[in-house]
Enquirer: 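For reference, the structure I am asking about is given below.
Excluded from the calculations below are hydrogen atoms, water molecules and symmetry mates; all remaining heavy atoms, backbone and side chain alike, are included. Chain A is the first sequence line, chain B the second, and so forth, proteins listed ahead of strands; every chain is numbered from 1.
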Number of protein chains: 2
Amino acid sequence: MTTTETFHIPIPVHVDETMMKEHFLTDVSINSVLFSYHDEKLHVLLLRLTTSDHFMLPGGFIKKEEDVDEAAIRNLEEMTGLDQIYLQQFYVAGNAGRTCDPNALDAFKKFGLQKIEQWLTDRKVSVCYYALVNSPELQLKVNEAIICEIKWTPVEELPPLLFDHQMVIDKAIRRLQLDMDRKVISTYLLNETFTMPELQKLYEAVYQEKLTRSNFQRRMLNLDILERLGKRHDGGSHRAPYLYRFNPSKIEMVLN
Amino acid sequence: MTTTETFHIPIPVHVDETMMKEHFLTDVSINSVLFSYHDEKLHVLLLRLTTSDHFMLPGGFIKKEEDVDEAAIRNLEEMTGLDQIYLQQFYVAGNAGRTCDPNALDAFKKFGLQKIEQWLTDRKVSVCYYALVNSPELQLKVNEAIICEIKWTPVEELPPLLFDHQMVIDKAIRRLQLDMDRKVISTYLLNETFTMPELQKLYEAVYQEKLTRSNFQRRMLNLDILERLGKRHDGGSHRAPYLYRFNPSKIEMVLN
DNA sequence: CCAAAAGTGTTCAACCTACACCCATGC
DNA sequence: GCATGGGTGTAGGTTGAACACTTTTGG
């Protein structure tokens, strides 16, 4: 999946409400805000049922014998094929009316999800995670049934969303900003090696503000977790920037 | 309730499992870590069933038509009679095995809670809040049935706890520490007026470390949210400290 | 007058900000 | 050589830690 196309993933529809109730917790769900950084922008992964104009966050349910954290991981794996992802619980969306979105109801109905439509729009308390993905190339795994659209969207261009997902994303961004200052989670959003200007652009995308080049450089170097490697020349008519890498042994201490 | 005695509150037992399932969400619960500050120590409110040696956090369940935040507030009100409390969601305890605590099962059984024993030890995802209470004087409201012990416990002297409540308290303290630096929540733990040494001792209790007197004073004054009132002399053979008050108009901006 | 507690001042280092200057590269 | 982008240095301000000094009060 490139960063500009949209893609289609299948979601299973052979399930019915009885099956869901048997295997899953009935009034808890999971929603994940997947962040990815590319094209100098912070992106969020969104889904759209083909029967709706509105997008939504990926999510899932918790098996009865499964930890909530496990369920969040399983969910991401099922959807993206990725398993070494930074995952952080950050919020519980618990308003009683949050699943009563007529747009969602309508979309589910048209979509042919009658068998679990009730289940999907029943009152749910949603445990929200944010996840950091350094590559937007998703290995899609789900192999059955109906198709929906999946898309990386820049955070400053979010379309209308179902349920309370706009608010959930806002909270996720706020939390990501706070965590960026306390932990060294930029590792999870970049390739293994990167230049200082690239790192700076990531910070600018997350905080949605410009930073001063020279001061940013010093700040990062003072953290004492960067290893300077060789230089990398991109063919541009300017000086070649150094490549850096996060020093794994030093990061552990900072990662809470 | 003074700060040294333990107290007994009644909890209702006329309910049975069918009633619970009809009115409440089945696999979500709430736990609250109530913090109070007195005797120069940070305290947590703990309950103990008279049939157990182990203490536990107060908690409750969520009505089907009720927001989770509302439920947390209702819960606190029912238990303490207090309604202007600072309440902050901070964690979801979601491990599958967390409610399988043989000590708890045993205590519930002996306690005569057969009718909802199954309900109480069924797998539950717990939304955890911390709350700030500036007065340990609780107005107890619940008026029926069985008695259990309720006690303010200094955080450095926590007894053995049921379920995963020790871990929940640890996380609550960590979160409280982070929040103390970002917001001005000390208001909720002190009387309206206080002296600088009193404020310092609160910080020392929360961070569990000594702070330098002169620097602490400057730091607090530089926040520009304190109003200096008169002096207060306690009869001690030393200089009388000033009284301070948080300036309500300036606090709002800092309270997120 | 002394001890104890509270308030204030001084110094030093760390760090942030702004801005200037130097280096490498392609056209 | 010059525009562009990257790297480094410097001056000024702010912040925080450590510690010394002063003020108030009771015995």
Enquirer: For DNA chain D, which residues in residues 205-219 of chain A have a heavy atom at a distance below 4.0 Å?
Expert: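 Here the set is R213(A), S214(A), Q217(A), R218(A).
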Enquirer: Got I73(A) and I85(A) here, is their nearest side-chain heavy-atom distance under 4.5 Å?
Expert: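 The answer is no; the side chains never approach within 4.5 Å.
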Enquirer: Hydrogens and angles aside, do Q200(A) and K210(A) bring a side-chain donor and acceptor to less than 3.5 Å of each other?
Expert: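 Note: Q200(A) and K210(A) side chains miss the donor-acceptor criterion.
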Enquirer: Rounded to the nearest angstrom, tell me the gap between atom CZ in F194(B) and atom C1' in dA6(C).
Expert: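 F194(B) atom CZ is separated from dA6(C) atom C1' by 16 Å.
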Enquirer: Go nucleotide by nucleotide along DNA chain C from the 5' end; which of L221(B) and H238(A) gets its closest nucleotide reached first?
Expert: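 Taking each residue's closest nucleotide, the earlier one in sequence belongs to L221(B).
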Enquirer: Looking at the base of dT23(D), is there any donor atom on it, or on the side chain of R239(B), that sits under 3.5 Å from an acceptor on the other one?
Expert: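 Result: at least one qualifying N/O pair found.
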Enquirer: If only side-chain N and O atoms count, and only distance matters, is there a donor-acceptor pair under 3.5 Å linking Y129(B) with N75(B)?
Expert: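 Not at all, the side chains of N75(B) and Y129(B) share no donor-acceptor pair under 3.5 Å.
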Enquirer: Roughly how many Å is it from CE in M220(B) to C1' in dT15(D), rounded to a whole number?
Expert: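 For the pair M220(B) CE and dT15(D) C1', the rounded distance is 14 Å.
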Enquirer: Mind checking what makes ring-ring contact (aromatic ring centres under 6.0 Å, His included) contact with F90(B), not counting sequence neighbours?
Expert: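 F90(B) satisfies ring-ring contact (aromatic ring centres under 6.0 Å, His included) with no residue once adjacent residues are dropped.
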Enquirer: Taking only residues two or more places apart in sequence or in another chain, which ones pass salt bridge (charged side-chain N to carboxylate O under 4.0 Å, His left out) with R98(A)?
Expert: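 In terms of salt bridge (charged side-chain N to carboxylate O under 4.0 Å, His left out), with neighbours along the sequence ignored, R98(A) is linked to D164(A).
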Enquirer: Using a 4.5 Å cut-off on heavy atoms from C-beta on, say whether the side chain of Y203(A) contacts that of S186(A).
Expert: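 A side-chain contact exists here, since the closest heavy-atom pair is under 4.5 Å.
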Enquirer: Measure the distance from CG on L199(B) to C1' on dA6(C) and round it to the nearest whole Å.
Expert: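 Nearest whole value for this atom pair: 14 Å.
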Enquirer: Can you check the Y242(A) OH to dT8(D) C1' distance for me, whole Å?
Expert: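 The answer, rounded to whole Å, is 10 Å.
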Enquirer: Distance check needed: dC16(C) P versus N222(A) CG, whole Å only.
Expert: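 Checked: the CG to P distance equals 7 Å.
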